[in-house]
Amino acid sequence: MEAMSMSVGILEIQGGFSEHRVALQKAAENLEIKNLKILSVRKAADIVPSLSGLIIPGGESTTMGLFISRNNIASALQEWINNEKHVTWGTCAGLIMLANESEKQKIGGQPLIGGLDIVVSRNYFGRQVNSFQEKVEILDKNLYSQENIPDHFEGVFIRAPAVVKVTNPKVTTLAVLPQPDSQGVIVAVRQVNILGTAFHPELTEDLRWHSYFLKMIMSIQNS
Ligand code: GLN
C-alpha cells in the first residue's frame with residue numbers, strides 16, 4: 001500500500017482518549033501510514049480543514065453533551081461530520097452522541113450531535129452489569145482476522161449502550177452481541193462515513209477496529 005499521511009482528531013472531553021491514541025498509532029504503523037497526526041479537539045477552532053477523521057471516545061454522554069453545548073461546538077462538529085469526505089467514529093458514549101435518537105433520556109432530553117439514523121438505548125445492559133467482556137460476532141468480513149471465517153471480537157462493555165432500532169437502510173450492522181433466545185443485540189454500525197461501536201476496542205490489544213477506521217479514511221480520501 002502506498003505510504004500516505006493523515007490527520008485524525010480525538011474529541012478530548014473525557015474518556016479513553018490516550019488509549020485511542022496508542023491504538024491508532026499502532027494500527028497506522030501496520031498499515032504503513034506515515035506521519036499520522038493525532039490532534040486534540042476541545043473547541044470549534046480545533047476542527048481544522050486538514051482533519052480527515054475524528055474519534056468521539058467513551059465517557060458520560062450527558063457530561064459530553066453539556067460540554068459541547070456550553071462551548072458552542074455542536075454546529076461545527078455537525079457540519080464537519082455531515083461532510084461525507086470526513087470519517088467519524090464514536091465509541092460507547094461517543095456512539096450515543098452520534099445517534100439521531102436516544103431512548104430513555106433524562107427529562108428534557110440530552111443534547112446529541114447526531115449523524116447516525118439509529119435509536120440508542122443509553123444504559124441498555126442495566127445498572128447491575130456495569131462492565132463485562134463478551135465475544136461480539138462480527139458480520140462484516142472486512143473486520144475478520146482470517147479470510148471467510150465468521151469471526152469474533154472480545155468486546156469490552158462499560159455501562160454500554162446498544163442500538164435498539166435502525167431507521168435508515170444506509171445503516172449497516174457490523175457486529176452483534178449474540179443472545180441465547182433472540183436475535184443478537186446490535187453493538188456496531190456504519191452509515192457511509194460514520195462508524196459507531198457500543199464497546200471499547202481501545203481497551204484491547206486487537207487493532208481491527210482502529211485499522212477499519214483508518215481504512216475508511218484512506219478509501220474516502222482516494223475516491
Ligand atoms: N452509558 C454511558 C452514557 O450514558 C456511556 C458509558 C461509556 O461511555 N462507557 O453516557
Side-chain angles (χ1 to χ4, degrees), residues 8-24 38 40-42 53-71 73-74 77-78 81 88-136 153-166 174-177 179 184-191 194-210 212-213:
V8 172
I10 304 187
L11 191 65
E12 295 193 345
I13 299 173
Q14 49 168 196
F17 47 81
S18 49
E19 290 87 350
H20 269 303
R21 264 179 192 265
V22 173
L24 268 181
I38 304 178
S40 160
V41 173
R42 292 183 58 83
L54 176 71
I55 292 184
I56 306 181
E60 224 314 304
S61 56
T62 327
T63 313
M64 287 168 75
L66 281 175
F67 180 95
I68 286 167
S69 43
R70 281 191 191 141
N71 292 281
I73 49 175
L77 280 171
Q78 280 156 346
I81 292 166
T88 306
W89 177 19
T91 53
C92 202
L95 165 70
I96 301 173
M97 297 307 298
L98 288 173
N100 282 339
E101 249 180 276
S102 156
E103 197 184 79
K104 295 186 191 140
Q105 301 191 339
K106 286 190 176 164
I107 295 166
Q110 70 180 105
L112 302 174
I113 301 168
L116 286 172
D117 288 315
I118 56 170
V119 182
V120 288
S121 172
R122 275 190 60 197
N123 295 301
Y124 181 84
F125 300 97
R127 276 167 196 234
Q128 298 94 319
V129 202
N130 261 334
S131 165
F132 62 96
Q133 186 162 335
E134 238 173 80
K135 283 197 167 29
V136 162
F153 181 91
E154 230 20 82
V156 175
F157 294 84
I158 305 169
R159 285 175 290 108
V163 177
V164 289
K165 198 169 165 194
V166 166
L174 301 181
V176 294
L177 189 64
Q179 298 297 297
V185 177
I186 301 175
V187 289
V189 290
R190 172 177 177 174
Q191 182 171 353
I194 310 177
L195 175 64
T197 58
F199 46 89
H200 291 266
E202 77 283 8
L203 300 180
T204 70
E205 292 297 311
D206 194 328
L207 298 171
R208 276 183 274 168
W209 293 89
H210 289 84
Y212 184 84
F213 168 70

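Atoms within each ligand, like the ligands themselves, are counted from 1 in listed order.
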Original post:
Which residues pass the side chain to side chain contact (heavy atoms under 4.5 Å, CB included) test with Glu205, sequence neighbours left out?
Top reply: Lys26
**OP:** Name all residues meeting the salt bridge (Lys or Arg N to Asp or Glu O under 4.0 Å) criterion together with Glu19; count only those two or more places apart in sequence or in a different chain, and write none if there are none.
**Re:** none
Original post:
How are the rings of Trp209 and Phe153 set to each other: parallel, tilted or perpendicular (split at 30° and 60°)?
Top reply: perpendicular
Original post:
Sequence neighbours excluded, which residues qualify as side-chain hydrogen bond (donor to acceptor under 3.5 Å, both in side chains) partners of Lys165?
Top reply: none
Subject >> Side-chain H-bond candidate by donor/acceptor type, Trp89 with Thr197, under 3.5 Å >> reply: yes
Subject >> Presence of salt bridge, Glu154 and Lys135, under 4.0 angstrom >> reply: yes
Subject >> Contact residues of ligand 1, where a non-hydrogen atom lies under 4.0 Å away >> reply: Gly58, Gly59, Glu60, Ser61, Cys92, Ala93, Ile96, Arg122, Asn123, Ile158, Arg159, His200
